[in-house]
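If you read the sequence from its start, that first residue is 1, and numbering goes on from there. Start at 1 and go down the list; that is how both ligands and their atoms are numbered.
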Amino acid sequence: MKTVLMVAEKPSLAQSIAKFLSKGQMTTRKGLNGACSVHEYTGQFNKEPARFKMTSVCGHVMTLDFHHKFNNWDAVNPQELFTATTLKKEANEKLQMPKFLQHEGKGVDFIVLWLDCDKEGENICFEVLDCVRPVMNKRSGGKTVFRAKFSAITETDICGAMHRLSEPNKNEARSVDARQELDLRIGCAFTRFQTKYFQGKYGDLDSALISYGPCQTPTLGFCVERHDQIQSFKPEPYWVLKPQVLHPSGQTMHLEWDRGRLFDKEVAVMFQRTVKSSRTATVIGVSKKEKAKQRPMALNTIEMLRMASSGLNMGPQHCMQIAEKLYTQGYISYPRTETTHYPENFDLNGTLRQQQTNPSWSSSVQELLKMGINKPRKGHDAGDHPPITPMRPASEAELGGDAWRLYEFITRSFIASISYDCKYLQTTVKFTVDQETFSFTGKTVTSPGFTSVMHWQAISSDERMPHCQQNDAYEIAEVKLEERQTSPPDYLTESELISLMEKHGIGTDASISVHINNICERNYVQVMSGRKLQPTPLGIVLVHGYQKIDPQLVLPTMRSAVEQQLNLIALGKAEFDSVLQHALGIFTRKFIYFVQTVTSMDELFEVSFTPLKDTGKPLSRCGKCNRYMKYINAKPTRLHCAQCDETYSLPQNGSIKLYKELKCPLDEFELVLWSTGGKGKSTPVCPYCYNHPPFPEMRKGMGCNQCTHPTCSHSEVSLGIADCTECDDGSLVLDPTSAPKWRLACNKCNLVVHVFEDAFRVSATDQECDCGTTLLNVDFNRTKSPLPDDKTQHLGCLFCDPLLAPLVKMSHAASRHPMYRGGRGRGGRRGRGSRRGKGRGRPKDKMSQLASYFV
Ligand SMILES: [Zn+2]
Ligand SMILES: [Zn+2]
Ligand SMILES: [Zn+2]
Ligand SMILES: [Zn+2]
Ligand SMILES: [Zn+2]
């Protein structure tokens, strides 16, 4: 029997698709990576009986990166990144995706690709094929690779797709490759250069990265452009005449002045006086007009993001995540689409009928079914997917929270798009008061149409429209002259930003939410109430800086030109290499010019930010000049010695404080203590060694718990107790700051072992147990000592000593320690030779220790 491997984009999708195709008759097992499952069943393929294996990846299998030697920020000139060799590496090594795919793909006869049907999905198709094709059965002639095209996870769509399989589209996949490569090279070159240049100079730049992105930066540009308009706005006073007249029915009518407003106060006051001196306002005309408010177009991604932000107070990233979940669970069709036009064969009535029982909109739906649906407006057909529509009914109880709110919006939008326009009557009454003309307008809804289901679009119950006719004269009750000011525009809302990005062709339906999220996360803009985006000082300085040096870096025109060329690759109308080389050529020249002229950007930074030497609080002493270095608390946190003009990076994501004024014996720098809070890990760190590893086998960025310095009392050599029981190359190091709840922590993985509670001193000794563990000297509290006869001192092995072992809380980790497994060692010593007492006699004095170390 032939076997068919089928691959979806996510585990949950594989499961739903397999369920439909196997009619629920499948068996499921876990894949070897633990993350993906394999669903198996038998059926027919190419009119032959076949065994099906349906599984999935977890998004992209591979990611593009530079060859590792280019990942060193200090050694590599960023300009090299435009030509540096790149390689595809596993997107997530833990998932072992290529290995898993090869394991499942070995010896299969056919492969059917069920990746999401967008360019990204097309790109993943080829990542999967690269893994699977070499291990598949060879066939002479005949197709072995198939692509399924579908827009929703429903039985009809999925089974339909299985019946008309096509081929994956190489060109679309290549266009994604091109974008990835451009973004990587351009983004990294600029980002590295800027980050190093500016972070080395200013202490209150609160961002770990000063990034540049060909999409991200123009996106930020829009927000700053609006900020500039607000800043340069000069309010002007103006005056508006507001007469009120009394209708015989008793209603007060507020009239609008036909002149609108006047910027000259004296003239305005003159008009007020004339109107005031008249007693009555005379009706000189009544006009009525039938008007209509158009039903909405079918929903696409951009409109969904826009409405979710302005109407539901949901950020684009959040909205997209929820929409994908609803899609994966089969509630809505694929949520990434540019299309606003229903395909001819789309079952509008069937989709509508599914919604008639939901109490939230059942009355509108039933009425619409009775009347017959209206033809939807003609929209844009991008040829990718149908518009976003509900695929099956749902209730609030079932979805809950934001998922329900988004589903409700999508469903109401769908119903509205096939409902009738809202019709109303607009009545305008014209008045004259001593030759000045005024008007009064009212709206009366005659047929609510789609606004009954999209209630937020409904025409507000306007002021009543009293009956008026020609030559009626009404008494003037009051004539107010209001002084107002022209007001500046407000900060861009997210929804306005999305519109601008769409209009200028920046980002795609798939990436718009990512770019907006990036500029928020990197602290270039802040989301204010009403989802307005206010640029931060850093965001403003960056954009103004680009504008000074090379405005094209921040204008949307460059990017949209590139996106158009990428589309040409997707359509097979342009060569991958020529598009790439052309774009890279332009950006290389821009980069070189940028580096040469960066000082003019720096002039702006100088005004907004404080030099390193003037920021931060004194914390620990520099080993070179013995003065206090300042601790800079803005991201990334670091130490700066103003005297030596040196900056030292520190471990991030934890707190830093002074460590008992102890010094590193190698360089005399005062140690700091890094910790991740109460139950977390902590280790002393020498600021100098952390940046300049003292020994060749040490990597940059190590704390004392990984230091191999033989004479330092804070090092792994002095405090390392045993091999880690959880990971392969870590050591359990005594945390000397953990008293009174003593613990050991692995210097590589996250394992923390709680040892004794009631000891007031614990120290490592020179002696070693038979099991290879360093013996500990424990000094128990007098009152709580477990030792007999008031004794408090005890020397022993943590794992073998009958008194100490029970006090160790290893939890599940215990089972892996050789002593607990009943075995002995792990096949001998691992020969690192760097930890204390391991296979080497300990020299007597410091100097001979050091000397022996360098031999
Ligand atoms: Zn110094
Ligand atoms: Zn040091
Ligand atoms: Zn050290
Ligand atoms: Zn470990
Ligand atoms: Zn032992």
Side-chain angles (χ1 to χ4, degrees), residues 72 74 196 199-204 610-634 636-652 654-675 681-720 731 733-737 745 747-748 764 832 834-836 842-843 845-855:
N72 183 340
D74 295 321
K196 272 172 67 176
Q199 236 162 37
K201 289 183 86 163
Y202 302 101
D204 51 354
T610 319
L612 274 185
K613 63 175 169 42
D614 302 331
T615 23
K617 286 199 201 101
L619 181 73
S620 74
R621 282 179 196 271
C622 168
K624 292 182 185 168
C625 66
N626 204 30
R627 303 203 188 190
Y628 280 103
M629 298 190 289
K630 283 185 171 171
Y631 174 59
I632 292 159
N633 204 3
T637 53
R638 61 216 126 129
L639 283 167
H640 179 71
C641 177
Q643 185 72 18
C644 308
D645 193 21
E646 290 273 7
T647 306
Y648 301 95
S649 336
L650 292 171
Q652 303 294 308
S655 68
I656 297 280
K657 53 185 188 197
L658 192 63
Y659 184 50
K660 302 179 183 166
E661 296 181 19
L662 294 168
K663 285 182 174 173
C664 170
L666 276 181
D667 48 47
E668 300 282 297
F669 272 70
E670 265 181 354
L671 304 178
V672 295
L673 186 72
W674 170 81
S675 71
K681 305 213 300 182
S682 63
T683 179
V685 172
C686 164
Y688 189 81
C689 296
Y690 185 82
N691 290 275
H692 308 279
F695 306 122
E697 84 277 9
M698 282 179 74
R699 280 180 294 112
K700 234 177 127 166
M702 287 185 173
C704 297
N705 66 353
Q706 292 187 54
C707 170
T708 51
H709 181 11
T711 69
C712 171
S713 57
H714 321 290
S715 68
E716 174 190 349
V717 183
S718 308
L719 298 173
S731 299
V733 182
L734 179 67
D735 180 347
T737 67
N747 59 4
K748 294 277 162 62
R832 280 173 301 142
S834 57
R835 224 178 51 218
R836 54 179 295 129
R842 287 164 66 85
D845 65 302
K846 262 194 177 190
M847 279 325 286
S848 54
Q849 274 178 10
L850 265 181
S852 77
Y853 192 86
F854 288 110
V855 171

S.K.: To the nearest 10°, what's the angle at the Zn ion (ligand 1) between atoms SG (C641) and SG (C644)?
M.R.: 110°

S.K.: Side chains of S682 and D735: is there a donor and an acceptor less than 3.5 Å apart?
M.R.: yes

S.K.: Of I632, L650, V672, N633, which meets side-chain contact (heavy atoms from CB on, under 4.5 Å) against L619?
M.R.: V672

S.K.: Report yes or no: does H640 contribute a side-chain atom to a donor-acceptor pair with the main-chain N or O of E646 at less than 3.5 Å?
M.R.: yes

S.K.: Would you compute the distance between atom CZ of R638 and atom OG1 of T647 and round it to the nearest 0.5 angstrom?
M.R.: 6.5 Å

S.K.: Would you say C689 has an N, O or S atom lying under 2.8 Å from the Zn ion (ligand 2)?
M.R.: yes

S.K.: Would H709 count as a contact for the Zn ion (ligand 2), in the sense that one of its N, O or S atoms lies under 2.8 Å from it?
M.R.: no

S.K.: Closest N/O/S atom of D667 to the Zn ion (ligand 2), by atom name?
M.R.: OD2

S.K.: To the nearest 0.5 angstrom, please state how far the CZ atom of R627 sits from the CZ atom of R621.
M.R.: 10.5 Å

S.K.: Taking backbone and side chain together, does C664 place any N/O/S atom at a distance below 2.8 Å from the Zn ion (ligand 2)?
M.R.: yes

